[in-house]
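Down below is the structure, laid out as structure tokens.
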Amino acid sequence: MIFLRVPIGLSMFLTGLVGLILVTGDTQVPFGRLKSETYTTFSSYSLSIIPMFLLMGHFATLGGMSQALFKAAEGFLGHRKGGVAMAAVGACAGFGAICGSSLATAATMGRVALPELRRYGYDGGFSTAALAAGGTLGILIPPSIVLVIYAILTEQNIAKLFLAAFIPGIIAALGYILAIRVYVALNPDSAGVGPRMPYSERFAALAKIWPVLIVFGLVVGGIYAGWFTPTEGAAVGALGTGLIAWVNGGLNRGTLADSFIVTARSTAMIFFIVLGAAFYNGFLALTQVPQGIAEWVTTSGFSPYTILILILVFYLILGCFMDSLSMILLTIPIFWPVMQGLDFGFVTMVDLHSARAMEALAAVPDMTTASIEALIASYRDGVELTLAQTVQFDAIRAHFDADIVALDGALQALAAGEELTRDQTRALDLRRVNQGALNRINSEQVAIWFGILVLIVVEVGLITPPVGMNLFIINAMEKTTRMTQTYRAVLYFIASDLLRVVLLVAFPVITLVFITW
């Protein structure tokens, strides 16, 4: 149905509905779900974050924030070879921090940056490719609508996913800037050079982006400070950008009504796709297809990383034909159960015991991190405890009311990097340090890591020929540039993305460094 150009939401909806009728052999249950599924899907509190982020992006555009970001970046980079294109990418990254949509980021920054790129003699294909690639930062740098949908589908913490996306987002922006540098080095005539701006003008332009910093700091900082939930943060961000747009003169009664209408239309489109996915997922769950695939994959003998790479390659191919949200909703219900069944070993029982034991020991009065480490080092080196350490041992034993033998064995096991026995975990009063807790931690970390990887390869799909959505949006604004020119130039940015995927697959810690367990 998708290849027959039936809208993705309707395709999934009809497939799910007809599939349920065929599997159950009855129309009563499937048609009954029309009422219940619609209500449960659209009454989800988490989904209300989507219209808020969309509205925030519209208000930010009306408030002139996109232009302020570009001018500030241009002031520091415009005098360099390829600097105006680099400034456009930097502005896209900044605008992506207050707009959760890649298409909106590409369209907004295209209107702002294309005239400047033309003015300084930039090649048309290079200009459109740089802006299309920069636009993809809108769905990676938090807040991200696609990341919210992924979090809902996999039942993960939205705030943790936002936090995990920060470093990959920064790497993405730096990678695109490096791609621009390589392109202009190989094609010197493709880009002009702007005039060097005095430092007084640079800092004046930089001062004008304070509304972006305030909104971003308030939304993201408020979420991680615990002032409000991600959904409430989105509402606060929409209000903040609306006030800034009103003060700057971009928001009035007419533009406010237009913003609501555009937001409502975009939200309706996304929500219908979500509803179609809900019926499609219900059909898959009833047939046990995802569970069957997951069981087959986990018993196939392939390594977890081999399976991950095959999934990512599938996304890269699929991205040539579908948009990011559709890909996420169509494939995650199948791929996520597969990933859940794979053991990437991010956290072992030894790691968990060691971390929880250190937390427990730190709770003992007068025990510091340095004294705990020194005590465990003495056990590891097999030296006799000092008088102070003997006192510390007695304090630990009294605090946990522990048996000397079990406590001594626990400290020896920690020093040797071994898993604790049941008696030793009891000696340190460690609770809920079991296989179930370990599985939950590993599952969460795999979900977050996999989500960021999927987001990146989906993002590559937005600029991958022949059907990269961002390429079409930017080329529609630059009608004098042939699409084939854009295709050739965008390959440099795709190469940057693929190198980033390799880096994040090889070093998961880059994604998970801020995620505590």
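Numbers here are sequence positions counted from 1. Here the structure is a predicted model, which means the values were calculated and not measured.
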So Phe493 and Phe126, would you call those rings parallel, tilted or perpendicular, with 30° and 60° as cut-offs?
parallel
So which atom in Arg356 and which in Leu430 form the shortest heavy-atom distance, rounded to 0.1 Å?
O-CD2, 3.6 Å
Flag the pair Ile167 / Thr511 as yes when at least one side-chain heavy-atom distance between them is below 4.5 Å, and no otherwise.
no
Do Phe335 and Tyr315 make the cut of ring centroids closer than 6.0 angstrom?
yes
Specify whether Tyr183 and Tyr492 have parallel, tilted or perpendicular ring planes, treating 30° as the upper limit for parallel and 60° as the lower limit for perpendicular.
perpendicular
Taken to the nearest 0.5 Å, the spacing of Gln288 CD from Leu284 CG works out to 10.5 Å
Are there over 12 heavy-atom neighbours, none belonging to Lys208, within less than 6.0 Å of that residue's NZ?
no
Dump the intermediate steps for side chain to side chain contact (heavy atoms under 4.5 Å, CB included) on Asn187 and Asp123, then the final yes or no.
CA-CA 10 Å; Asn187 304 276; Asp123 176 69; over 6 Å; no
Interatomic spacing from CG in Leu411 to CG in Leu361 - rounded to 0.5 Å
6.5 Å
Go through the side-chain N and O atoms of Thr486 and Thr128 and say whether any donor and acceptor fall under 3.5 Å apart.
yes
Ring centroid separation for Phe514 and Phe166, is it under 6.0 angstrom?
no
Looking only at the side chains, is there a donor atom on one of Thr348 and Asp351 sitting less than 3.5 Å from an acceptor on the other?
yes
Pairwise side-chain contact, Glu373 with Met358, heavy-atom cut-off 4.5 Å (strictly under)
yes
Geometric class of the Trp336/Phe450 ring pair [parallel <30°, tilted 30-60°, perpendicular >60°]:
parallel
Report yes if the side chains of Leu131 and Leu117 come closer than 4.5 Å at any heavy-atom pair, otherwise no.
yes
Hey, are the side chains of Leu147 and Ile452 touching, using non-hydrogen atoms and a 4.5 Å cut-off?
yes
What about the rings of Tyr305 and Phe344, do their centers lie closer together than 6.0 Å?
yes
Would you confirm whether Thr136, through its side chain, and Ala132, through its main-chain N or O, come within 3.5 Å as a donor-acceptor pair?
no
Does a side-chain heavy-atom distance below 4.5 Å link Met56 with Val215?
yes
So, taking the atom named CD1 in Ile171 and the one named CD1 in Ile456, what distance separates them when rounded to the nearest 0.5 Å?
8.0 Å
Within a reach of under 6.0 Å around CD of Gln67, are more than 12 heavy atoms found that belong to other residues, nucleotides or ligands?
no
Looking at side-chain heavy atoms only, is the closest gap between Leu308 and Leu453 below 4.5 Å?
yes
Any heavy-atom pair between the side chains of Pro304 and Asp343 that's under 4.5 Å?
no
Determine, stepwise, if the pair Glu459 / Arg500 fulfils side chain to side chain contact (heavy atoms under 4.5 Å, CB included).
CA-CA 12 Å; Glu459 165 194 318; Arg500 178 159 41 104; 2.9 Å; yes
Taking C-beta and beyond as the side chain, do Leu504 and Pro168 meet within less than 4.5 Å on heavy atoms?
yes
When rounded to the nearest 0.5 Å, the distance separating CD1 of Ile494 from CG of Leu316 is 9.5 Å
Taking every heavy atom of Ile180 against every heavy atom of Met86, the minimum-distance pair comes out as CD1-N, 3.7 Å
Might you point out which heavy atoms bring Thr105 and Cys92 nearest each other, and give the distance in Å?
CG2-O, 3.8 Å
Do other residues, nucleotides or ligands put more than 12 heavy atoms under 6.0 Å from Arg202 CZ?
yes
Can you see which heavy atom on Ser371 is nearest to which on Gln392, and at what distance?
CB-NE2, 3.7 Å
Measuring from atom CE of Met52 to atom CD1 of Ile145, what distance do you get when rounded to the nearest 0.5 angstrom?
11.0 Å
Sequence neighbours excluded, the answer for salt bridge (Lys or Arg N to Asp or Glu O under 4.0 Å) partners of Glu478 is Arg118
Gap separating the OG1 atom of Thr229 from the OH atom of Tyr45, nearest 0.5 angstrom
3.5 Å
For the backbone of Val347 and the side chain of Asn442, can you confirm whether one donor and one acceptor N or O come within less than 3.5 Å of each other?
yes
